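Reminder, nothing fancy here: chain letters follow the sequence lines and each chain counts from 1. Any value given below was found using the heavy atoms of this structure, including those in side chains, with hydrogens, waters and symmetry copies removed. Quick caveat: nothing in here was measured; it's all calculated off a predicted structure.
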There are 2 protein chains.
Amino acid sequence: MNIKEVAARAGLPAKTIRYYEDIGLIRPKRAANGYRSFADADAAKLQFLAHARGLGFTIEECRALLALYEDKSRASAEVKKLAESHLDRIAAKIAELRAMQATLSHLVHACAGDNRPDCPILQGIAERVV
Amino acid sequence: MNIKEVAARAGLPAKTIRYYEDIGLIRPKRAANGYRSFADADAAKLQFLAHARGLGFTIEECRALLALYEDKSRASAEVKKLAESHLDRIAAKIAELRAMQATLSHLVHACAGDNRPDCPILQGIAERVV
DNA sequence: CTTGACCTTCCCGTCACAGGAAGGCCCATA
DNA sequence: TATGGGCCTTCCTGTGACGGGAAGGTCAAG
């Protein structure tokens, strides 16, 4: 199948698929006219990649996961390690965002939001990060 | 003061401060030898920027906030609008991360993590995003 | 035969800097 | 006075994961 069809199947933009080929994540065959010709196995890989990216794994982690997925003799321990360290990253990012959220919503609540020129938000940013 | 001192005061790398000058966020004077010469007002702006960035505002939002901060006749309503839309973004990002977290921790929980080759994590990624 | 949809490669832009090279400046010490 | 080390400058490249768009080839329908 051509790139548009596999893109629709995997739920990825064609640009992204070309990029994945560029960086060696997939290696679709070429038709005589130079068009990429995707096999079902390529479509499956792309779906795998789309899902892994959707879970927030980096491209390099996706590369590793894909290799483990392709490798029938891999140990699941390695996969779990990858997933757990990613979970740690997610938790850290959430904590960071929640801290921002707490500070900022505190400032927003203190702000009348009218036409007066004194603004607790700007003051808060200028003076400290609460 | 020179760049190193203002960097220490604002808690920003010197590289970042040069970048902020490049994109027009600050305009420090120059000494005769070509060195940047930061006034206290510059240091205050840089602190403001450091705090705003720390709260997750983009550079362009910081530019707008800084302009509002400098403008004595601004209305706080505009500031509040900016802050609230940023809060929305934060909340959306948190929700996205929590969804990833839920799916991934579910998969990790289902994975024995031993040496057996069948891995629910890889299966989960391959088949669907739960 | 033309039209329009599809495909290709190539290059630049994104965001917010970080790293590093090459070279100039300043101050203290020998 | 020489020199060493730390500070400063500009300029260029790289990051991650693509997106936009130009220039041009290909294919199927009418």
Side-chain angles (χ1 to χ4, degrees), chain A residues 1-39 42-43 45-66 86 89-90 93 96-97 100, chain B residues 1-39 42-43 45-66 86 89-90 93 96-97 100:
Chain A
M1 78 197 89
N2 281 350
I3 199 167
K4 204 187 183 190
E5 189 182 343
V6 80
R9 282 204 202 176
L12 289 173
K15 274 274 185 185
T16 298
I17 294 174
R18 293 194 192 98
Y19 172 66
Y20 287 173
E21 184 187 11
D22 269 1
I23 63 173
L25 283 181
I26 51 168
R27 305 195 179 279
K29 288 185 179 163
R30 294 294 178 131
N33 58 13
Y35 287 18
R36 290 173 184 81
S37 175
F38 297 87
D42 294 317
K45 277 197 198 183
L46 286 169
Q47 260 191 25
F48 185 95
L49 289 169
H51 291 166
R53 292 285 302 131
L55 287 173
F57 287 103
T58 68
I59 289 283
E60 289 313 310
E61 286 167 339
C62 288
R63 192 193 300 279
L65 287 171
L66 199 55
H86 180 39
R89 254 190 3 236
I90 290 176
K93 189 72 190 169
E96 188 191 343
L97 287 168
M100 291 177 183
Chain B
M1 78 198 91
N2 283 350
I3 199 167
K4 204 186 183 190
E5 188 181 342
V6 81
R9 282 205 202 175
L12 289 172
K15 276 273 184 185
T16 298
I17 294 174
R18 292 195 192 98
Y19 173 66
Y20 287 174
E21 185 186 10
D22 269 2
I23 63 174
L25 284 181
I26 51 167
R27 304 195 180 280
K29 288 184 180 164
R30 294 295 178 130
N33 58 12
Y35 287 17
R36 289 172 185 81
S37 176
F38 296 88
D42 294 317
K45 277 197 197 182
L46 286 170
Q47 261 190 25
F48 184 95
L49 289 169
H51 291 166
R53 291 285 300 131
L55 287 174
F57 287 102
T58 67
I59 288 284
E60 288 314 309
E61 286 167 339
C62 288
R63 192 192 299 279
L65 287 171
L66 200 55
H86 181 39
R89 252 185 8 233
I90 290 176
K93 190 72 190 168
E96 188 191 344
L97 287 168
M100 291 176 183

> In whole angstrom, what separates Asp22(B)'s CG from dC11(D)'s P?
Replying inline: 9 Å

> Please give, in whole Å, the distance from dA17(D) P to Ile26(A) CD1?
Replying inline: 16 Å

>> Between P on dT15(D) and OH on Tyr19(B), what's the gap in Å once rounded to a whole number?
In response: 18 Å

> What integer distance in Å separates Lys93(A):NZ from dG16(D):C1'?
Replying inline: 14 Å

>> Using whole Å, what does the distance between atom C1' of nucleotide dT15(D) and atom CD1 of Ile23(A) come to?
In response: 13 Å

> What does Arg53(A) touch in the nucleic acid at a heavy-atom separation under 4.0 angstrom: a base, only the sugar-phosphate, or nothing?
Replying inline: sugar-phosphate

> CG of Leu25(A) versus P of dA17(D): gap in Å, rounded?
Replying inline: 10 Å

> Taking the side chain as C-beta and beyond, is there a heavy-atom pair between Leu12(B) and Arg53(B) under 4.5 Å?
Replying inline: no

> Arg36(A) near the nucleic acid: base, sugar-phosphate alone, or nothing, with a heavy-atom cut-off under 4.0 Å?
Replying inline: sugar-phosphate

> Residues in side-chain contact (heavy atoms from CB on, under 4.5 Å) with Asn33(B), at least two apart?
Replying inline: Ala31(B), Tyr35(B)

>> At a heavy-atom distance below 4.0 Å, which nucleotide of DNA chain C is the first touched by chain B, and which is the last?
In response: dA16(C) to dC26(C)

> Are Thr16(A) and dA17(D) close enough that a side-chain N or O sits under 4.0 Å from OP1 or OP2?
Replying inline: no

> Does some side-chain heavy atom of Arg18(B) sit less than 4.5 Å from a side-chain heavy atom of Glu21(B)?
Replying inline: no

>> So that I can tick it off, tell me whether Glu96(A) and Lys93(B) are bridged by a salt bridge, with the cut-off set at under 4.0 angstrom between side-chain N and carboxylate O.
In response: no

> Is Lys15(B) touching bases, backbone alone, or none of the nucleic acid, heavy atoms closer than 4.0 Å?
Replying inline: base

> What is the nucleic acid contact for Ile3(A), judged by heavy atoms within less than 4.0 Å: base, sugar-phosphate only, or nothing?
Replying inline: sugar-phosphate

> Does CZ in Arg30(B) sit with more than 12 non-hydrogen atoms of other residues, nucleotides or ligands closer than 6.0 Å?
Replying inline: yes

> In terms of the nearest nucleotide of DNA chain D, which residue is placed more toward the 5' end: Lys4(B) or Arg30(B)?
Replying inline: Lys4(B)

>> Minimum heavy-atom separation for Phe38(B) and Ile3(B), please, with both atom names.
In response: CE1-CA, 3.6 Å

> What is the distance, rounded to the nearest whole Å, between atom CD of Glu5(B) and atom P of dG6(D)?
Replying inline: 19 Å

> Between Asn33(B) and Thr58(B), which has a closest nucleotide on DNA chain C that is more 5'?
Replying inline: Thr58(B)

>> Among residues at least two apart in sequence or on other chains, which ones pass side-chain contact (heavy atoms from CB on, under 4.5 Å) with Ala7(A)?
In response: Ile17(A)

